[in-house]
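Convention: sequence-line order gives letters A, B, ...; per-chain numbering from 1. Just so you know, these numbers come straight off a predicted model, no measurement behind them.
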2 protein chains.
Amino acid sequence: MGSRPDFSYVAKLMADSSRAAMLEALLDLDGLPASELAKRANISLQTASGHLTKLVEGNLLNVEKHGRHRYYRIAHVDVAQAIEMLTVIAPPPKINSLKDSSRAKNIQIARTCYDHLAGKLGVLLTKALIEKGYLYEDENNFLVTAEGEQFFYDFNIDLDALRQKRRHLTRKCLDWSERHYHLAGALGNGILIRLFDLGWIERLPGRAVKVTDTGEKGLYETLGITTKELI
Amino acid sequence: MGSRPDFSYVAKLMADSSRAAMLEALLDLDGLPASELAKRANISLQTASGHLTKLVEGNLLNVEKHGRHRYYRIAHVDVAQAIEMLTVIAPPPKINSLKDSSRAKNIQIARTCYDHLAGKLGVLLTKALIEKGYLYEDENNFLVTAEGEQFFYDFNIDLDALRQKRRHLTRKCLDWSERHYHLAGALGNGILIRLFDLGWIERLPGRAVKVTDTGEKGLYETLGITTKELI
DNA sequence: TTCATAGTTCGATTATAACCGAAGTTTCTA
DNA sequence: TAGAAACTTCGGTTATAATCGAACTATGAA
């Protein structure tokens, strides 16, 4: 009879909102300890411990013991992919007021996704980097080319420093609003920080972000991105 | 805060075993009425009704009213994709005895997936049809080419009759054992039936299937498939 | 050795939702 | 117009699991 894997078992692991919060945190920041995950999910350490055990048993997470700490990470790219697929079909958050609706628009144009750029701008930027030959798109990841090494050096992003960090240099992140991949990982974070430093982008209320006048000029000159494409 | 869609909401809808059984049934057979789905999930009609309402509200399913019947179908390819991704990361069904283990092997080589061919043989067959130019692989589906029309006619599969059926002619089905797509839908079913009729394959206990001696010869001559590839 | 920090295990409480019987609505058939 | 079939709604029961307090283990620091 049941000779197929039971997908509802995995769905059940993802269905609890506390576990979902922890998974979401781990999607971008690999290797968080239980206490940190408990905080992010707004639950006690005991409860978190129980949830994490279940997630490890279900092969959604891996643990690494380092002294008295336990660092959790997503067990496999497939897990991240599955979560992203679920996000794509999940209903968009409710819009109650007029303020909410303009916020919703802004957030689709450009926003931060944890610590990197997402939305139309995030996808456009990633595409531009690929077209210019600075990034190469793999099935599961983005890779920095030799030209890319030079470009990021010129752009004042220190790849070697980023590689030291305890996380992936690059990572594919499925954009739920654009249904395309954008760049995440340490490099995605590095680019975001650099764009803020340059004053090319500014924070709007919430997670939304707007391109400044300098940014408009800069993005066009370095990567050929026009803000018209953002609409 | 919550400006991202909540994937745990979708996961919750898929997490219940009764709902999962109904979704699984609908993955291959589009357009089943509530009563049929209740039977397949082994629950009462009342319970099924409640579940189906939730699945429609969550945009996982669509309903079409035809008189006093209500035909349910998967709302979007993305939903099927998401379920298949979950199946890929779900733990394989437990193997208890020696019998189970040889059965598990057989089932990975060739099996029926509802009403079409899956496993190594299913994937190989699909690949062969593509290589010969009979099938064209789209992002979301397989399409029959002009050469394909001729081939299936010669192979005694009536495409026009299959097109009359109330289901997709072709459909991509992600193979959880092979991690590749194989052909499903009315054509996938038509091929399975034809292969049984020709005596090229035979049922083993369970869902497993074996290639006969005639089948070995036939598959090689028509599509260049050797059983060595099946191992 | 002592204390603190990180995490686990146990037990009791509580909230959620799956389930079905019974009664209702809608549509088809005769 | 009556009756049956397909499905929904309501109400009460029950099972599951998320939650945290309290007590435990293990590692590190003083």
Would you say a side-chain N or O of [X] is under 4.0 Å from OP1 or OP2 of [N]?
X: A/Arg70; N: D/dA26; value: no
X: A/His51; N: D/dT19; value: yes
X: A/Ser44; N: D/dG21; value: no
X: B/Thr47; N: C/dC19; value: no
X: B/Lys54; N: C/dA17; value: no

Return the value, rounded to whole Å, for the distance between atom [atom1] of [X] and atom [atom2] of [N].
X: A/Glu57; N: C/dT9; atom1: CD; atom2: C1'; answer: 14 Å
X: A/Met14; N: D/dA18; atom1: CE; atom2: C1'; answer: 19 Å
X: B/Glu64; N: D/dC7; atom1: CD; atom2: P; answer: 14 Å
X: A/Leu55; N: C/dT8; atom1: CG; atom2: C1'; answer: 16 Å
X: B/His66; N: C/dT27; atom1: NE2; atom2: P; answer: 14 Å
X: A/Lys12; N: C/dA18; atom1: NZ; atom2: C1'; answer: 11 Å
X: A/Glu36; N: C/dT5; atom1: CD; atom2: P; answer: 17 Å
X: A/Tyr9; N: D/dA17; atom1: OH; atom2: C1'; answer: 14 Å

Item checked: 5' priority, DNA chain D, between A/Lys65 and A/Asp16 [closest heavy atom] -> A/Asp16
Checklist line | Check: B/Gln46 side chain, C/dG21 base, donor-acceptor under 3.5 Å | finding: yes
Check: Is any N or O donor-acceptor pair between the side chain of B/Arg68 and the base of C/dT26 shorter than 3.5 Å?
Finding: no
Nearest to side-chain heavy atoms of [X], which nucleotide of [options]:
X: B/Leu45; options: D/dC7, D/dC20, C/dG7; value: D/dC7
X: A/Ser18; options: C/dA18, D/dT19, C/dT8; value: D/dT19
X: A/Ser49; options: C/dA18, D/dC7, C/dT8; value: C/dT8

Margin query: Are B/Leu159 and B/Tyr153 packed together at the side-chain level, in the sense that at least one heavy-atom pair is separated by less than 4.5 angstrom?
Written below: no
Item checked: Non-hydrogen side-chain atoms of B/Leu204 and B/Val209 separated by less than 4.5 Å -> no
Notebook entry, point to check: Could B/Glu149 and B/Arg163 be called an ion pair, given the rule that one side-chain N must be under 4.0 Å from one carboxylate O?
Noted result: yes
Next item on the list: Mind running salt bridge (charged side-chain N to carboxylate O under 4.0 Å, His left out) on B/Lys172 and B/Glu137 for me, showing each step along the way?
Entry: CA-CA 9 Å; B/Lys172 271 193 181 184; B/Glu137 187 168 13; 3.2 Å; yes
Next item on the list: Evaluate whether atom OH of A/Tyr136 has more than 12 neighbouring non-hydrogen atoms of other residues, nucleotides or ligands under 6.0 angstrom away.
Entry: no
